[in-house]
S.K.: 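Handing you this structure, nothing more for now.
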Amino acid sequence: MSLSTTDTALLVIDMQNGFLDAEGSMARIGMPHEALQPAVAGCERLVRAARTAGVPVIYTRYVYQPGYADGGLLPHALMPQMTEVDALITGTWDAEIVPALTPQAGEVVIDKARPSSFYGTSLEPVLTSQGIRSLVLCGVTTNICVETTARDAGQRDYRVHVATDAVAEYDQNRHEVALSTIGFTFGWLTSVDDVEAAWA
């Protein structure tokens, strides 16, 4: 695998209390948060490796304004139970990144209100200003925010690498299908071990 440390960033996608904690909003509406736990250890390893190698670490958070003025179809029509538990409201504990992956000073955090890390955000200007052309993706969920981000990045001609043991999905079948789709058309599938070796 050809993966430089000079034009690459690590993108840690939506590793938030609302998705991963037993008290988080997704668990409170019946989503199996424990299915996402396997992503945590892999993300921790990638963040450590990136920091050691001097690779920029960029985080995303899936957040909504109070009252869901920016919510769109997902909380208003497709999963209205999210509004009943104030899921992922900006500024709340639910929306924050889990303690194991707390961003360090100077690391960029991108807030978004849609699955793609590019849609309506400043991610692309951040990447452009740092000369980034390759992305390593990790986080949750494989089938929604990771895959949508991988598709958008691939269509912008970023070289996309998804660490398969640092992403997770509520449903294993959706997880596997998403990875197959990404690897077929939008990027490369890799492992935490391989990324660590490339950055060593």
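Basis for what follows: all heavy atoms, side chains included, without hydrogens, waters or symmetry-related copies.
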S.K.: Going by heavy atoms in the side chains, are Gln16 and Tyr62 under 4.5 Å from each other?
M.R.: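 Yes, close enough: below the 4.5 Å cut-off.
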S.K.: About how many Å separate CZ of Arg151 and OG of Ser116, when rounded to the nearest 0.5 Å?
M.R.: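 If I round to the nearest 0.5 Å, the distance is 11.5 Å.
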S.K.: How many angstroms lie between OG1 in Thr8 and CG in Leu3, if you round to the nearest 0.5 Å?
M.R.: 4.5 Å
S.K.: Is the CG atom of Leu73 crowded by more than 12 outside heavy atoms at less than 6.0 Å?
M.R.: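 Counting other residues, nucleotides and ligands, CG of Leu73 stays at 12 neighbours or fewer.
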S.K.: With a 4.5 Å cut-off on side-chain heavy atoms, are Arg159 and Asp7 touching?
M.R.: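 Yes, at least one pair of side-chain atoms sits under 4.5 Å.
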S.K.: Over all heavy atoms of both residues, which pair between Gly139 and Met15 is shortest? Give the atoms and the distance, please.
M.R.: CA-SD, 3.6 Å
S.K.: Begin from the C-alpha positions of His161 and Thr190 and carry the test side-chain hydrogen bond (donor to acceptor under 3.5 Å, both in side chains) through to its verdict.
M.R.: CA-CA 6 Å; His161 303 266; Thr190 187; 5.8 Å; no
S.K.: Please tell me if the side chains of Asp14 and Tyr59 come closer than 4.5 Å, counting only heavy atoms from C-beta onward.
M.R.: no
S.K.: Any idea which heavy atoms bring Glu147 and Thr181 closest together, and the distance?
M.R.: OE2-CG2, 3.6 Å
S.K.: Does atom CD (Glu176) have a neighbourhood of more than 12 heavy atoms from anything else shown, all under 6.0 Å?
M.R.: yes
S.K.: Take Glu84 and Arg28 through the test salt bridge (charged side-chain N to carboxylate O under 4.0 Å, His left out) and record every step on the way to the result.
M.R.: CA-CA 10 Å; Glu84 298 169 6; Arg28 287 187 281 129; over 6 Å; no
S.K.: Just wondering, do Leu10 and Pro56 contact through their side chains at under 4.5 Å, heavy atoms?
M.R.: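 Not touching, per the 4.5 Å side-chain cut-off.
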S.K.: Could you name each residue pair satisfying salt bridge (charged side-chain N to carboxylate O under 4.0 Å, His left out) that touches residues 52-61, not counting sequence neighbours?
M.R.: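 Applying salt bridge (charged side-chain N to carboxylate O under 4.0 Å, His left out) to every pair that reaches into residues 52-61, excluding sequence neighbours, yields Arg61-Glu96, Arg61-Asp111.
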S.K.: At what distance, to the nearest 0.5 angstrom, does CZ of Arg156 lie from OG1 of Thr128?
M.R.: 10.0 Å
S.K.: For the hydrophobic clusters of this structure (ILVMFWY residues joined by side-chain heavy atoms under 4.5 Å, transitively), does one cluster hold both Val108 and Leu11?
M.R.: yes
S.K.: When you look at Tyr119 and Lys112, which way does the side chain to side chain contact (heavy atoms under 4.5 Å, CB included) test go after all the steps?
M.R.: CA-CA 7 Å; Tyr119 182 82; Lys112 61 191 182 70; over 6 Å; no
S.K.: If you compare all heavy atoms of Asp70 against all heavy atoms of Arg114, which two are closest, and at what distance to 0.1 Å?
M.R.: O-NH1, 2.8 Å
S.K.: So, does Asp152 use its side chain to make a donor-acceptor pair with the main chain of Phe118 at under 3.5 Å?
M.R.: no
S.K.: Ignoring hydrogens and angles, tell me if any N or O in the side chain of Asn143 forms a donor-acceptor pair with the backbone of His175 under 3.5 Å.
M.R.: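 Answer holds: no.
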S.K.: Using modelled atom types and a 3.5 Å cut-off, is there a donor and acceptor pairing between side-chain atoms of Glu169 and backbone atoms of Arg174?
M.R.: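 No, Glu169 side chain to Arg174 backbone: no donor-acceptor pair under 3.5 Å.
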S.K.: For residues Ile89 and Asp94, determine if any side-chain heavy atom of one lies less than 4.5 Å from a side-chain heavy atom of the other.
M.R.: no
S.K.: Hey, mind stepping through Asp86 and Thr92 against side chain to side chain contact (heavy atoms under 4.5 Å, CB included) and telling me if it holds?
M.R.: CA-CA 9 Å; Asp86 292 328; Thr92 66; over 6 Å; no
S.K.: Closer than 4.0 angstrom, basic N to acidic O: yes or no for Arg48 and Glu196?
M.R.: no
S.K.: Do side-chain atoms of Glu107 reach the backbone of Gln104 as a donor and acceptor pair under 3.5 angstrom?
M.R.: yes
S.K.: Give me the atom names and distance for the closest heavy-atom approach of Met82 to Leu74.
M.R.: SD-CG, 4.1 Å
S.K.: Once you round to the nearest 0.5 Å, how far does OG1 of Thr83 lie from CD1 of Ile29?
M.R.: 9.5 Å
S.K.: May I ask you to test the His76-Tyr68 pair for a side-chain heavy-atom distance under 4.5 Å?
M.R.: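 The answer is yes; the side chains approach within 4.5 Å.
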S.K.: Is any side-chain heavy atom of Val140 closer than 4.5 Å to one of Val146?
M.R.: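 They are not in contact (no side-chain heavy atoms under 4.5 Å apart), so the answer is no.
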S.K.: Under the side chain to side chain contact (heavy atoms under 4.5 Å, CB included) rule, what do Leu123 and Ile58 come out as? Steps first, then yes or no, please.
M.R.: CA-CA 9 Å; Leu123 177 59; Ile58 301 171; 4.2 Å; yes
S.K.: Work out which heavy atom in Leu179 is nearest to a heavy atom in Leu189; give both atom names and the distance.
M.R.: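 Reported closest heavy-atom pair: O-CD1, 3.5 Å.
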S.K.: So, using salt bridge (charged side-chain N to carboxylate O under 4.0 Å, His left out) as the criterion, who are the partners of Asp193 when residues are at least two apart?
M.R.: Arg45
S.K.: Would you say Trp188 and Tyr158 are hydrophobically clustered, going by side-chain heavy atoms of ILVMFWY under 4.5 Å?
M.R.: no
S.K.: For the residue pair Trp199 and Val136, establish whether any side-chain heavy-atom pair is separated by less than 4.5 Å.
M.R.: yes
S.K.: Please evaluate residues Leu127 and Glu124 with respect to the criterion side chain to side chain contact (heavy atoms under 4.5 Å, CB included), reporting the C-alpha separation (whole Å), side-chain torsions for both, the decisive distance (0.1 Å), and the verdict.
M.R.: CA-CA 5 Å; Leu127 299 177; Glu124 195 158 17; 5.5 Å; no
S.K.: What are the two closest heavy atoms between Cys138 and Ala166, and how far apart are they?
M.R.: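 Closest approach of Cys138 to Ala166, heavy atoms only: CB-O, 3.4 Å.
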S.K.: Please report whether the ring centroid of Phe184 lies less than 6.0 Å from that of Phe186.
M.R.: no
